[in-house]
2 protein chains.
Amino acid sequence: MPVILDPIDRHILRVLQRDGRISNVDLAKEVGLSPSPCLRRVRLLEEAGIIDRYVAVLDPAKVGAGLTVFARVWFKTQDAEVTLRFAEAVRRFPEVMECYLTTGECDAVLRIVTADLHSYWRFQADHLTRIPSVLSVKTDVPMETLKRSFELPLG
Amino acid sequence: MPVILDPIDRHILRVLQRDGRISNVDLAKEVGLSPSPCLRRVRLLEEAGIIDRYVAVLDPAKVGAGLTVFARVWFKTQDAEVTLRFAEAVRRFPEVMECYLTTGECDAVLRIVTADLHSYWRFQADHLTRIPSVLSVKTDVPMETLKRSFELPLG
DNA sequence: AGTCCTGCGCAATGAGCTTGCGAAGCATCC
DNA sequence: GGATGCTTCGCAAGCTCATTGCGCAGGACT
């Protein structure tokens, strides 16, 4: 069950993280295999869940989702009930791209995507702060994206 | 130059954000077109930069990158020189998946991925706090991921 | 040395991609 | 009001690529 990753597997993963739609023959050439064992390895990586899925990455600015906001959230209380309800609420909002429960300064970190600052404040007022679990919200608003990578480091 | 998105284009984008490797014939069926005009639309979306790229999404836990940390960074000063050097430094670290320059409470927000908390503190001590621009760092450490979506809302 | 096991390359078949072409819908302009 | 030009569709042909089964080589264990 635990699939070991040899250098060729890591090479495959590195290439697929850069180009998820590369043809199998090109991928095979890149990693120094013939097409069939290369495809077999990819299938194994998929079945093992190491490759979770393939997605198209859109340009946020060009589809009316130009603004990213990081919202740090504090809960009213810290019980399981509260986090569960918060999770359910958050899952329904497509604007919330990521949601993490944290320990330390705040209780949750959200990455929220909207068209502009106007839409964001509307979302926060109308939806985010109305979730019963939420005590308060603090935002960090990026003015510029310096780096946005999708490639996990593979040792 | 400004490419307009009709409902079919948005439908295509929605599907490709969910499955970036769907075959063109299946995609065409899904959106109610024949394969050729469907492929043509996809090509146009790619050339317009609306589709930026296709990537394989890996399971972080299974490739030794199980820990995500949000680091908020404060700079020593606020000039262009400092941000430029910070950007260059950050770009070289594969652990830094995202980096945003922010306004408000802190100066930058980073999403950093490492194997575990140990590796993170080592990274912060050895690399992050040694960037000359950096005055201080505060971290928010997720204990649990409630949501990790790659699908931008498309109206 | 013999056997088992794992992983590679090769070849054939079938599916999907890609391009050119003709037709239909629609707006514009005499 | 009808003709013209533009856009975008569907169809068909050629070609690349994915997929599967099979034989073979190299290493481990007996």
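Each chain gets a letter, A, B and so on, in the order its sequence line appears, and its residues count up from 1. Below, each value reflects all heavy atoms present in this structure, side chains not excepted, and no hydrogens, waters or symmetry copies.
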Roughly how many Å is it from [atom1] in [X] to [atom2] in [N], rounded to a whole number?
| X | N | atom1 | atom2 | value |
| --- | --- | --- | --- | --- |
| A:Arg43 | D:dA18 | CZ | P | 9 Å |
| B:Tyr54 | C:dC17 | OH | P | 11 Å |
| B:Asn24 | D:dC11 | CG | C1' | 15 Å |
| A:Ile8 | C:dC8 | CD1 | P | 6 Å |
| A:Leu39 | C:dC10 | CG | P | 16 Å |
| B:Ile22 | C:dA15 | CD1 | P | 18 Å |
| B:Leu45 | D:dT8 | CG | P | 12 Å |

- Message: Assigning hydrophobic clusters by single linkage (Ile, Leu, Val, Met, Phe, Trp, Tyr; side-chain heavy-atom cutoff under 4.5 Å), is B:Tyr100 placed with B:Met97?
- Response: no
- Task: Indicate the ring-plane relationship of A:Phe123 and A:Phe93, choosing parallel, tilted or perpendicular according to the 30° and 60° boundaries.
- Result: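 Rings of A:Phe123 and A:Phe93: perpendicular, over 60°.
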- Answer with base, sugar-phosphate or nothing: what part of the nucleic acid does B:Arg21 contact at a heavy-atom distance below 4.0 Å?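 Counting heavy atoms under 4.0 Å across all strands, no contact is made by B:Arg21.
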- Task: Please step through ring pair (Phe, Tyr, Trp, His ring centres under 6.0 Å) for the pair B:Tyr54 and A:Tyr54, ending with a clear verdict.
- Result: CA-CA 7 Å; B:Tyr54 300 88; A:Tyr54 300 88; over 10 Å; no
- Which nucleotide in the set D:dC17, C:dC8, C:dC17 lies at the smallest distance from any side-chain heavy atom of A:Arg40?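 Among D:dC17, C:dC8, C:dC17, the one nearest the side chain of A:Arg40 is C:dC8.
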- DNA chain D-proximal residues of residues 28-37 of chain B, any heavy atom under 4.0 Å: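 By residue number: B:Leu33, B:Ser34, B:Ser36, B:Pro37.
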- Item | Of all pairs that satisfy salt bridge (charged side-chain N to carboxylate O under 4.0 Å, His left out), the ones with a partner from residues 31-46 of chain A, not counting sequence neighbours |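 Passing the test, one end in residues 31-46 of chain A: A:Asp6-A:Arg41, A:Asp9-A:Arg41, A:Arg43-A:Glu46.
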- Quiz item: A:Arg41 side-chain donor-acceptor pair to C:dG7 base, under 3.5 Å: no
- Query: How long is the gap from CG on B:Asn24 to CG on B:Leu39, to the nearest 0.5 Å?
  - Reply: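 The distance works out to 4.5 Å.
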- Message: Surrounding CZ of A:Arg21 (heavy atoms of other residues, nucleotides or ligands, distance under 6.0 Å), is the total greater than 12?
- Response: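 Yes, enclosed.
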